[in-house]
Amino acid sequence: MSVEEVVKEFITTEIVAPSGREVGELGLDTSLFRTSVIDSFGLFALAAFLEDRFGIKVGDEDLVPENFDSIARIAHFVAAKGGVAPVDQA
Amino acid sequence: MGAHLLHHLVEAGARDHPGRPAVSFEGATLTYAELDDRANRLAVALQEKGVSPGDRVGLQLRKGGSAVTAMLAVLKAGAAYVPLDPTVPEARRSYIRENSGISVVLSSQGEAGPGSMEVGDQAFDTDPGRLVRHPTVETDLAYILYTSGSTGTPKGVAISHLNSLTFVRWAGAELAVTPEDRLANHAPLNFDLSVLDIYCALQAGACVCPVPEAIRAFPVRIAEWIETERITIWYSVPSALTLLVERGRLDHVDLSRLRLVLFAGEVYPIRSLQSLAAAVPHPRYYNLSAPTETNVCTFHEVDLERLPERTEPLPIGRACQNMKVFAVDEAGREAPAGVEGELLVGGSGVAVGYWDLPDQTAARFVQNPLQNSYRDIVYRTGDIVIPEADGEYRFLGRRDDQVKVHGYRIELGELESALQLMPEIKEGAAIAVPGAAGARLEVVVALREGAALTAADIRGHCGRLLPPYMVPESVVFVSALPRNSNGKVDRRELLNTAKVK
């Protein structure tokens, strides 16, 4: 799975689905915050997931829309932090 | 005669200081003259669409200058507005639309649904001279705010111009709001905290600055925004301030212009307030107690010198000068200092009642039990308090199942009603589990034999019916709910179930 796919799956299954919200298809560039798909608690959950899954450190200063407002931006941020996706378990 | 209707505040501003900034949002400013003119134009558009005095108009709008304009436009058209939170499930919005009998919904540009009217450029393309000014009196409704209802559906708190202005006048005087002030608007429009931000600003000739949705979830950006918007007055629930101090890197920003920090909605965890006051020591801090039905009724200024040693929760404070506040014991007598009782609130700041709910209105908006000689309606808050000798009230708890989670007021019965709609659930109960960072919402459910449901199924179901803040954070499965000897669900035992887990 690509970083984009991993992030999308997390957002869809862990943040959007339990909230019951009807959000349309999440494109790579869909704004996650301007339309309140994710709130601050979801943001912290997402940051913790990225740290765990990709072995990166997300500081408070990293928690800005430039890094988190879309799946594409998150993937770019993970790459810039040197994140490595673990090999998928078959 | 001064302003006796809420929209008079902007009309006076447009006359007396037309060029002053009234709303600042994402780099754009609306002056008082522009705000008043745009509200007049939109009011004409509403009247041309058939909106008449006494009608309700829904506001399904994102934060910004257009939302403030729309509120004023509805009032100028002689109608009352009903904020509809764009982030809650459509099922809930649709209930509110039907319950309040909304005739028109105003929506943000590009988000108009069937039957709604977009607040875009076209809506302002009218002749403001055509505005028909119907006679409106101060006891007419200005807005209806929907809040969690214990019977399973939200209930609308109906607020008149007089109710709102009574509060706005008090707040403007007590907080000495000046034209130089810049008030942050953090709370959504469907929460009454936003009433202070918007109308106190307009009353004083000050500027209201709505927090943009795009940065709302990012504490670092909110801190920077407070600096760049030169915010002087901040009002929010405590949990928003806790996020700011814990994750907002406040040592990287200059918040020296901030002169007042106001909070309401829940008890501020004292440790968290101590961290905030240590990080931002110069403003004055106020704890406001504000059931939607009364606007703010009591207030307490935090003694910052004593705060570092404080261990007990803050009091809810003393009565606002233009409100009547007292506690009555179980026998219906006024509770003297040191004796617990239910907090009752009277005066023109108290809401008209619940929209189209005569029984619930009669149960909570009651004749003052201390005198029977004339009609004198007071609101039973349901808060159990102790009056202190110095006139301040200390909050002890609730006499019903209303809880506060992250500052949101939640009737557990509404969440429990949602659980009952799942056929797989035999019985379910909701609880607020206390924690160091505030309470969190949890449900305890027993499934029917052979039924299979996951926690995610249950949270998803709740999310389709209820606002995001009412979706339980966790689910505990049991074979049967604990009950006491008379067969009622034992809430204390439920809390133990939650703690053991």
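To find a chain, count down the sequence lines: A is the first, B the second, and so on, and within it residues start at 1.
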Mutual orientation of the aromatic rings belonging to B:His406 and A:Phe41 [parallel < 30°, tilted 30-60°, perpendicular > 60°]: parallel
Part of B:Pro86 within contact of chain A (heavy atom distance under 4.5 Å): neither
Shortest non-hydrogen contact from A:Ser40 toward B:Leu243: OG-CD1, 3.2 Å
Per-residue contact mode, B:Glu246 against chain A (heavy atom under 4.5 angstrom): backbone
Gap separating the CG atom of A:Asp60 from the CG atom of B:Leu250, nearest 0.5 angstrom: 10.5 Å
Interatomic distance, A:Asp69 atom CG to B:Phe218 atom CZ [nearest 0.5 angstrom]: 6.0 Å
B:Arg221 and A:Glu66 ion-paired at < 4.0 Å: yes
Exercise: identify the closest heavy-atom pair between A:Phe33 and B:Ala214: CB-O, 4.1 Å
Minimum side-chain heavy-atom gap A:Leu63-B:Arg247 below 4.5 Å: yes
